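Everything quoted here is computed from the prediction, not taken from an experiment. Proteins get letters first, then strands, A, B, ... in listed order; numbering begins at 1 in each.
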2 protein chains.
Amino acid sequence: MAVQTVASNTDTAASPTLAASPVDLGPAAALSCRECGHRVPLGPVFACEECFGPLEIAYDFSTYDTEELRARIEAGPANIWRYAPLLPVPADVADKPNINPGWTKLVKADNLARELGVTGGLYVKDDSGNPTHSFKDRVVAQAIEAARAFGFTTLSCSSTGNLAGAVGAAAARAGFRSCVFIPHDLEQGKVVMAAVYGGELVGIEGNYDDVNRFCSELIGDPAGEGWGFVNVNLRPYYAEGSKTLAYEVCEQLGWRLPDQIVVPIASGSQLTKIDKGLQELIRLGLVEDKPYKIFGAQAEGCSPVSTAYKAGHDVVRPQKPDTIAKSLAIGNPADGPYVLDIARRTGGAVEDVTDEQVVEAIKLLARTEGIFAETAGGVTVGVTKKLIEDGVLDPSLTTVVLNTGDGLKTLDAVAGTGLSATIRPNLDSFREAGLA
Amino acid sequence: MAVQTVASNTDTAASPTLAASPVDLGPAAALSCRECGHRVPLGPVFACEECFGPLEIAYDFSTYDTEELRARIEAGPANIWRYAPLLPVPADVADKPNINPGWTKLVKADNLARELGVTGGLYVKDDSGNPTHSFKDRVVAQAIEAARAFGFTTLSCSSTGNLAGAVGAAAARAGFRSCVFIPHDLEQGKVVMAAVYGGELVGIEGNYDDVNRFCSELIGDPAGEGWGFVNVNLRPYYAEGSKTLAYEVCEQLGWRLPDQIVVPIASGSQLTKIDKGLQELIRLGLVEDKPYKIFGAQAEGCSPVSTAYKAGHDVVRPQKPDTIAKSLAIGNPADGPYVLDIARRTGGAVEDVTDEQVVEAIKLLARTEGIFAETAGGVTVGVTKKLIEDGVLDPSLTTVVLNTGDGLKTLDAVAGTGLSATIRPNLDSFREAGLA
């Protein structure tokens with residue numbers, strides 16, 4: 001089917017294909033504009049025809065009984081599909097071929113808590129445990145199900161890292177062709193990680209902005225017919241995957257909201273969906289309603305949201321990124337204003353740390369908890385430390401810090417780490433080195 | 001406490017420290033020699049004083065009721081500690097700080113099955129989902145608990161890769177000092193992965209054999225007092241971690257034995273413990289007793305066991321390893337004779353594949369199932385393919401293939417993988433490349 005823009009605000013589907021075969025995406029009832037509330041039927045569209053605002057999934061949860069739902073979730077599989085009743089996926093999603101991410105460890109980080117002076121319980125939600133070792137598996141898994149429902153046969157995205165691997169792997173498992181676009185001069189290691197799954201991996205002569213522009217062009221062209229771009233025309237579905245981080249944290253805390261949660265900001269989508277997930281759990285009665293604070297974390301070299309937050313602005317001024325935290329390096333974050341709103345509404349904050357602090361934080365987390373985080377995890381841990389030192393984050397409250405990726409993918413950041421000693425293979429040399 | 005050799009065959013402990021505080025390692029009752037059956041109390045010893053055979057854990061499972069045990073396991077945590085009643089660990093192990101590996105995905109590999117012509121159900125047990133992305137987390141987690149019980153304060157090992165990371169991470173979380181010995185000229189990437197956890201990482205001027213010899217010297221010296229070498233003086237405990245692979249496979253199959261299982265061979269310990277684990281499940285009544293076949297997989301460049309198997313020998317002649325499957329490159333595998341025995345007894349086989357076939361198999365698994373395996377996973381998948389083609393492995397039976405590590409750690413093996421096309425950022429260039 002062709003990619004389309006929304007052409008109707010009635011309850012009939014937006015294209016003949018959709019009208020002919022109604023889409024079964026479980027509790028997903030429609031798409032709704034975050035800005036003006038305009039509703040359209042489920043389809044591969046992402047911007048409101050009325051106001052160009054972002055479209056989100058609107059659900060029908062009205063039939064759920066709280067305790068039945070809780071029991072159903074707890075009896076579900078050890079992956080995100082345990083939350084299928086709350087996601088835009090068919091009820092039998094767990095039986096379909098997919099990468100099945102999620103249900104990653106919520107690590108009680110007692111050693112790190114001691115170092116940071118947190119007394120109320122500190123937890124690291126470690127998403128490096130996902131199949132391709134980043135949280136992107138969660139969102140891509142959703143996009144796959146939407147792509148299936150809409151009859152797409154090719155899965156695509158623009159990427160410089162984690163997303164390329166997640167799309168390649170999920171497409172391979174789920175039986176889609178994949179075609180991932182990257183800047184042609186990416187480091188060889190990243191190219192290998194993206195290419196190994198056997199899909200098309202196309203280098204674009206240009207930078208990441210050129211890659212993105214090209215993808216937008218392709219979506220509007222007949223050549224892109226049948227293509228699902230996970231973070232463009234499938235974005236409303238894709239983005240919902242981040243809600244599962246909120247669900248898992250609460251269930252793993254014993255169906256309890258955390259008091260404080262520290263979330264990295266790239267486009268800002270993840271933070272807004274975590275807030276959405278927490279609100280849903282409250283509305284559904286799965287957790288007790290109580291205040292929680294959401295904190296956003298950026299690298300100083302790409303800190304458009306924290307800059308706006310500190311200046312008291314409602315709008316976010318774009319920046320040209322220059323940071324080692326490349327997976328967060330979005331200079332013009334689409335959901336920036338929503339992030340500002342959520343941080344202020346919940347009593348949180350948005351903060352940033354230098355690249356040096358990112359590296360220190362990666363090492364701190366590894367040394368205290370044995371978790372080797374990607375630079376994005378260094379950003380959240382570093383920001384947590386800074387917020388505690390500044391008296392912004394309350395160390396007496398239950399705090400959850402997200403690690404969204406794996407240190408093996410950003411080895412360069414800690415390349416300076418090395419041998420503590422070199423000795424000859426005998427005991428005298430060992431003793432001389434003072435290691436006994 | 002000092003590292004010791006076994007000095008007693010009575011029921012009293014082998015050292016004053018052990019006598020003073022009896023060791024609580026749950027159902028572990030004693031150490032028993034695999035060769036002569038000689039029993040000694042639990043302690044940090046690994047070789048029989050009577051015959052120099054390897055010591056193994058002897059359990060007391062006599063009090064278990066099958067259905068109570070099954071229910072207890074199923075209600076346990078989503079990690080190896082669900083099997084605490086069957087492991088040499090205290091009953092409250094899940095509450096202690098540890099890296100908590102296991103309960104990794106058993107992936108129903110339908111796409112790979114189609115390519116290989118397997119009709120009886122093909123599964124990949126994907127241990128890249130462990131905390132440091134290899135099965136070594138399972139064995140190190142056991143060693144940590146033994147180290148705790150014996151009062152050790154430093155955790156150590158010799159390593160060239162996966163084990164260094166697993167020890168570094170687990171020691172950090174569990175509050176042990178760690179001191180890992182590696183050849184001083186290891187690739188920088190591997191050094192970084194091992195060093196990031198902040199323990200001592202000592203380069204030895206020499207090759208891996210020199211490192212091992214030095215470690216043996218250190219164990220017998222006062223300088224090594226209080227040191228637990230996970231794969232030397234803690235080896236009987238450490239090795240038991242591999243049993244959990246067998247437990248998980250059976251539970252994930254619905255408490256059912258697989259018909260065939262393909263296991264990589266380095267020292268051979270993993271294969272022998274998987275057999276031990278399956279036998280225990282049968283004896284405990286947790287699975288129905290029926291025949292199963294265990295197949296061993298090696299790389300041609302380090303194939304001492306498959307060479308012996310094919311020649312019909314009972315003993316294994318050492319080889320000098322030369323293969324890209326470095327995590328399996330043990331030229332003189334300690335458990336080689338036991339592996340031969342198990343393969344023959346169960347009706348399995350031992351086979352090897354070339355480095356080229358290893359790379360092909362890594363790509364095959366990635367392309368079909370979205371799983372990016374370490375070279376060791378390429379070995380098992382490649383051997384599975386070969387055994388099917390040769391009519392040795394029966395494609396109509398339920399077959400499980402182990403992937404014990406992560407492709408991100410052996411990127412060099414697939415370094416040739418790259419872009420399928422490079423284009424200019426416009427639709428004409430896209431069409432010219434034939435990608436539409």
Side-chain angles (χ1 to χ4, degrees), chain A residues 78 97 99-100 103 105 110-111 129 131 133 169-170 172-173 175 179 184 188-189 191-193 195-198 200-206 210-211 213-214 217-218 221 223 363 366-370 372 407-409 411 414-415 417-427 430-431 435-436, chain B residues 78 97 99-100 103 105 110-111 129 131 133 169-170 172-173 175 179 184 188-189 191-193 195-198 200-206 210-211 213-214 217-218 221 223 363 366-370 372 407-409 411 414-415 417-427 430-431 435-436:
Chain A
I99 200 100
N100 303 335
W103 204 240
K105 290 181 196 299
D110 290 340
N111 300 329
H133 307 320
R173 174 82 58 79
C179 187
H184 74 296
Q188 181 58 17
V191 173
V192 170
M193 282 186 224
V196 74
Y197 301 104
E200 306 279 356
L201 182 69
V202 179
I204 299 277
E205 292 174 2
D210 295 318
V211 179
R213 260 192 302 274
F214 169 73
E217 213 183 328
L218 186 53
D221 189 89
K363 291 182 185 171
R367 175 169 61 77
T368 53
E369 300 299 337
F372 183 20
L408 290 181
K409 295 193 185 181
L411 278 178
V414 287
T417 318
L419 297 175
S420 39
T422 302
I423 65 170
R424 293 181 304 284
N426 62 61
L427 290 167
F430 176 76
R431 287 197 187 87
L435 292 161
Chain B
I99 199 99
N100 303 335
W103 204 238
K105 291 182 195 300
D110 290 340
N111 299 330
H133 307 321
R173 173 82 58 80
C179 187
H184 74 296
Q188 181 57 18
V191 173
V192 169
M193 283 186 225
V196 73
Y197 301 104
E200 306 280 356
L201 183 68
V202 180
I204 299 277
E205 292 174 2
D210 295 318
V211 178
R213 259 193 303 274
F214 168 73
E217 213 182 328
L218 187 53
D221 190 88
K363 291 182 185 172
R367 174 168 61 77
T368 52
E369 300 298 337
F372 184 20
L408 291 180
K409 295 193 185 182
L411 278 178
V414 287
T417 317
L419 297 174
S420 39
T422 302
I423 65 171
R424 293 181 303 284
N426 62 61
L427 291 167
F430 177 75
R431 288 198 187 87
L435 292 161

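Of the listed residues (A/A415, A/G189, A/G206), the greatest number of heavy-atom pairs within a distance under 4.5 Å of chain B belongs to A/A415. Taking A/V196, A/L411, A/V191, A/I204 one by one and counting their heavy-atom pairs under 4.5 Å with chain B, the maximum is reached by A/V196. With respect to chain B, the highest number of heavy-atom pairs below 4.5 Å among A/R431, A/R213, A/Q188 belongs to A/R431. Interface check for chain A: of the options B/D110, B/I99, B/V414, B/V211, the most heavy-atom pairs under 4.5 Å are formed by B/V414. Of all the listed residues (B/G407, B/A169, B/G175), the one sharing the greatest number of non-hydrogen pairs under 4.5 Å with chain A is B/A169. Annotation: maximal heavy-atom pairing with chain B below 4.5 Å, among A/A78, A/G198, A/A172, A/P131, occurs at A/A172.
Taken to the nearest 0.5 Å, the CZ atom of B/F372 stands 9.5 Å off from the NE2 atom of A/H133. Rounding to the nearest 0.5 Å places CG of B/L427 at 4.0 Å from CD of A/E217. The CG atom of B/L201 sits 9.0 Å away from atom OG1 of A/T422, with the distance rounded to the nearest 0.5 Å. Taken to the nearest 0.5 Å, the CZ atom of A/R424 stands 13.0 Å off from the CG atom of B/D210. From B/K409, atom NZ reaches atom CG of A/L408 across 6.0 Å, with rounding to the nearest 0.5 Å.
A donor-acceptor pair under 3.5 Å links the side-chain atoms of A/R173 to the main chain of B/E369, judged by distance alone.
Heavy-atom distances place both the backbone and the side chain of B/N100 under 4.5 Å from chain A.
You'll find the side chain of B/F214 reaches within 4.5 Å of the side chain of A/I423, heavy atoms only.
Minimum heavy-atom separation, B/L435 to A/V202: CD1-CG2, 3.5 Å. Taking all atoms of both residues into account, the shortest heavy-atom contact from B/G418 to A/A195 is O-CB, 3.5 Å. When all heavy atoms of A/Y197 and B/A366 are compared, the pair lying nearest together is CD2-O, 3.6 Å.
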